[in-house]
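None of these values were measured; they are calculated from a predicted model.
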Amino acid sequence: CSPSAAQEFEGRGAEEINVELTQLLDRILNGPQSGLDLKKLCIIPKQAYWVLHIDALVLDVKGSIVDTLVWAIRAALMSTSLPRVVVETISDEMGNMQAEFDVVDDPEDLTPLEGAKNLPISVTFSQIGKRYVVDASEQEEAVTQAKLTVAVSPAMEICAIQKGGMFRGFPPSLLAEILETAQRIAREELTRFDVHYAQAKLHLSSQADEPSTGSTFLVQF
């Protein structure tokens, strides 16, 4: 989070939230629960593989920062393509066989990141008094006593759960209801995501043949 994103992030205030967000996103995305086929990132077993780095910069905060980040990362990974790699086996001077690879330098010869469509989406519950709020605003988060973020896959499987907040926890008796609600909301959010993503791709494809003006435009997503 940028120190300019919110007043509480000024100075060293962003460090705590940055650590919390990094841990949560790692729990959601780093592993089989992410839906990504990590085996497809391997080029040569035990020698070479693709490494994915995700850098997200939050410039402004109006609430629901975790869910917004997951939306953005999901869209980014679904838009990620890998260049084709040619692997060859050659013999060295000692007669030993070794594998080498070359990356095809063709911007049209790309492969989409396999499994990106299976990435989960997150639903964060904010506890305010005896109520539980989803998609909390900046004002609602200021009086939130506890948070619970639930990551749900397109198959409606619970992928990760993380609690935040310093004041109180969620009653165990309500956990089943919260998870069921998270699945219902995730189903609706995934439908909305697909609509927005399709519209963004259509917008970009319609501009692909237009001459460049030397400026960068952000597509509203």
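Pairs of residues two or more places apart, or lying in two chains, never qualify as salt bridge (charged side-chain N to carboxylate O under 4.0 Å, His left out) while including a residue from residues 37-53. Sorted by first then second residue, the salt bridge (charged side-chain N to carboxylate O under 4.0 Å, His left out) pairs that include residues 69-82, not counting sequence neighbours, number zero.
Here the side chain of S34 pairs no donor or acceptor atom with the backbone of N30 at under 3.5 angstrom. Looking at S64, its side chain never comes within 3.5 Å of a backbone N or O of T68 through a donor-acceptor pair. For the pair S137 (side chain) and E140 (backbone), a donor-acceptor distance under 3.5 Å is present. Under the 3.5 Å distance criterion, the side-chain polar atoms of Q183 are matched with a main-chain donor or acceptor of M156.
Partners of Q162 by side-chain hydrogen bond (donor to acceptor under 3.5 Å, both in side chains), not counting sequence neighbours, listed by chain and number: R27. The side-chain hydrogen bond (donor to acceptor under 3.5 Å, both in side chains) check on T149 picks up T124, with sequence neighbours excluded. With sequence neighbours excluded, the residues that form a salt bridge (charged side-chain N to carboxylate O under 4.0 Å, His left out) with R184 are E188.
Nearest heavy atom pair, residue N118 against residue P154, reads O-CD, 3.3 Å. When all heavy atoms are compared, the tightest approach of W50 to P83 is CH2-CG, 3.6 Å. In plain terms, the two heavy atoms of S126 and K147 that are nearest each other are OG-CG, 4.1 Å.
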Q) What's the verdict on side-chain contact (heavy atoms from CB on, under 4.5 Å) for I158 and I161, showing C-alpha distance, side-chain angles and the deciding distance? A) CA-CA 8 Å; I158 305 298; I161 301 175; 3.9 Å; yes
Q) Stepwise, does the side-chain contact (heavy atoms from CB on, under 4.5 Å) test hold for L113 with L41? A) CA-CA 9 Å; L113 187 60; L41 298 178; 3.8 Å; yes
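The neighbour count for E177 CD, taken as heavy atoms of other residues, nucleotides or ligands under 6.0 Å away, does not exceed 12.
The distance from atom CG of L57 to atom CG of D55, rounded to the nearest 0.5 Å, is 9.5 Å.
Side-chain N/O atoms of Y132 and T181 include no donor and acceptor closer than 3.5 Å.
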Can you give the donor-acceptor pairs under 3.5 Å from side chains of residues 100-110 to other protein atoms, not counting sequence neighbours?
unit_1: D106; atom_1: OD1; unit_2: E108; atom_2: N; d: 3.0
unit_1: D109; atom_1: OD2; unit_2: R84; atom_2: NE; d: 2.6
unit_1: D109; atom_1: OD2; unit_2: R84; atom_2: NH2; d: 3.2

